[in-house]
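Comments concern the structure below.
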Amino acid sequence: MERENLKPADLDAASRCRDDTALTIEVRLPEPMDLVASLECGQVFRWGRCAFPGRPDLKVAYKGVAGGTGLIIAQPDARTGAAISDSLWVQYDPSVTSTEEVRGIILRYFSYDDHVSSIEAKLKSTGHVMVDAVSFCRGLRIITQDRWEALASYILSTNNSIPNISRIIRNLSERFGEPCGLGERSFPTPERIAGESLSRLRECKCGFRDQNLSDAAIKVSSGDVDLEAIGSMTPEEARRELMRIRGVGPKVADCVLLFGYHMLEVFPVDVWVARAVSRYYLGGRQVSPKEAREEGLRRFGRLAGYAQEYLFYYLRSQGLS
DNA sequence: AAACAGGTGCTAA
DNA sequence: TTAGCACCTGTT
């Protein structure tokens, strides 16, 4: 069992407040972030809007799981629409994790090794499209998710809608995950999913993707696909390795590499990104996903991943087609 | 009610 | 190599 860390004398009362057993802390950020854009730009499926218990002043709050821990995260002063801030308010269960661990989880999850301000500046210098897209997406950060969860999530994303994907992930976690604080449950391990029948997976509403998810879980838990080793491969090798899994094609593989491995030089192409490339860079000429990808890699190089996310969020938010 | 949603696997040219 | 089709499920 966890050690007691609820002794009031130890708490820095000015920056924490009690809500039942949960604690709330403020996490200062090395550079500003747009929480709404970062959580709602389609890169992650675990977060739902909620009220922040005991803090009605925090209007924009999300509940979900990061770093294997249930959290509620809020951005102060966030108005509706894009807004950035220098800190976050985070609520967590101290019997699950510590204040310092939570700070570490937040900084890692939101990729604070990236200097996004300079990434924004570099991309702006590539032309007027990025000037517009970046100013629209200011403070959007590419998240660093758990690798296995990213792989499973993007397998589930094929030919599917975001609300559905979120629902499946919630169902899988509720059924097969472990409690991880604030009433949340962690995403189930590959071992656990590998041990479930297809019909049990199908009950979580993953549809025809049940077989793909199962295949991934079996290959990963058996070591046939080594998620750790993939981290030290080149993007091309890593991509080829991931695509050995049923249901993992070019798009899913690139998403896993970008959001699970933080390989920023990949350029995942879905229908929206293909439309954006066609519209903004190729004079509206229709392009195959392969062609769009090559164009993105050529134009944006090491920062293709961020460029892709800006194009996606920018175009989608405009409701263009 | 029929079409569609942030792809992929399979088959046929 | 590439075009065309089916595919669970939930919404509009």
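Residue numbering restarts at 1 for every chain, and letters A, B, ... go by the order of the sequence lines. Side chains included, hydrogens not; waters and symmetry mates left out as well; all remaining heavy atoms used.
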Whole angstrom value for the distance that separates C1' of dA3(C) from NZ of Lys290(A):
15 Å

Indicate, with a heavy-atom threshold strictly under 4.0 Å, whether Gly42(A) touches base, sugar-phosphate, or nothing.
base

Is the phosphate of dC10(B) approached by Arg246(A) (side-chain N or O, under 4.0 Å from OP1 or OP2)?
yes

Stems of at least 3 consecutive Watson-Crick or G-U wobble pairs (donor-acceptor distances under 3.5 Å) involving DNA chain C, listed by first number, are B:2-5 with C:9-12, B:7-13 with C:1-7

Check every atom of dT2(C), dG7(B), dT9(C) against the side chain of Val271(A) and return the nucleotide holding the closest atom.
dG7(B)

Give me the distance, rounded to whole Å, that separates dC5(C) from dA3(B) when you measure between the C1' atoms they each carry.
16 Å

Rounded to the nearest Å, what distance is computed from the CZ atom of residue Phe267(A) to the P atom of nucleotide dG6(B)?
17 Å

Could you state the CG-P distance from Asp210(A) to dG9(B), rounded to the nearest angstrom?
14 Å

Go through dG6(B), dT9(C), dC7(C) for me and flag the one nearest to the Phe312(A) side chain.
dG6(B)

Could you work out the separation of dT11(B) and dC8(C) based on their P atoms and round it to a whole Å?
16 Å

Closest heavy-atom pair, Ser153(A) versus Ile169(A), reported as atoms and distance to 0.1 Å, is OG-CD1, 3.4 Å

Using salt bridge (Lys or Arg N to Asp or Glu O under 4.0 Å), reason through Arg239(A) and Asp254(A) one step at a time and then give a plain yes or no.
CA-CA 7 Å; Arg239(A) 198 165 186 259; Asp254(A) 283 345; 2.8 Å; yes

Output yes when a side-chain donor or acceptor of Arg209(A) lies under 3.5 Å from a complementary backbone atom of Thr158(A), and no otherwise.
yes

Classify Cys41(A) by what it touches in the nucleic acid, base, sugar-phosphate, or nothing, heavy-atom distance under 4.0 Å.
base

Atom pair distance, as rounded to whole Å: CZ in Arg209(A) and P in dG10(C):
11 Å

Using a strict threshold of under 4.0 Å (side-chain N to carboxylate O), is an ion pair present between Arg316(A) and Glu40(A)?
no

Any idea how Tyr154(A) and Phe259(A) line up, ring-wise: parallel (<30°), tilted (30 to 60°), or perpendicular (>60°)?
parallel

First of Glu309(A) and Met243(A) reached from the 5' end of DNA chain B, by closest nucleotide
Glu309(A)

Heavy-atom count around Asp113(A) CG within 6.0 Å, excluding the residue itself: above 12?
no

Checking salt bridge (Lys or Arg N to Asp or Glu O under 4.0 Å) for the pair Arg298(A)/Glu294(A): CA distance, chi angles, key distance, verdict?
CA-CA 6 Å; Arg298(A) 190 182 66 70; Glu294(A) 285 159 3; over 6 Å; no

What contact category does Val273(A) fall into here, base, sugar-phosphate, or nothing, at under 4.0 angstrom with non-hydrogen atoms?
nothing

Distance only, no hydrogens: is a donor on one side chain within 3.5 Å (strictly under) of an acceptor on the other, for Asp114(A) and His262(A)?
yes

To the nearest Å, give me how far apart CG (Leu242(A)) and C1' (dG9(B)) are.
17 Å

Enumerate the residues from residues 140-174 of chain A whose closest heavy atom to DNA chain C is under 4.0 Å, giving them by residue number; use none for an empty result.
Asn159(A), Asn164(A), Arg167(A)

Gap between atoms CZ and P, on Phe208(A) and dA6(C) respectively (whole Å)
14 Å

Rounded interatomic separation in angstrom, taking CG from Leu198(A) and P from dC7(C)
17 Å

So is Arg141(A) actually on top of Tyr112(A)'s ring, under 6.0 Å and inside 45° of the axis?
yes

Length of the line joining Ile245(A):CD1 and dG9(B):C1', which is rounded to integer Å
15 Å

Would you say that more than 12 heavy atoms from the other residues, nucleotides or ligands in this model lie under 6.0 Å from the CZ of Arg299(A), or not?
yes

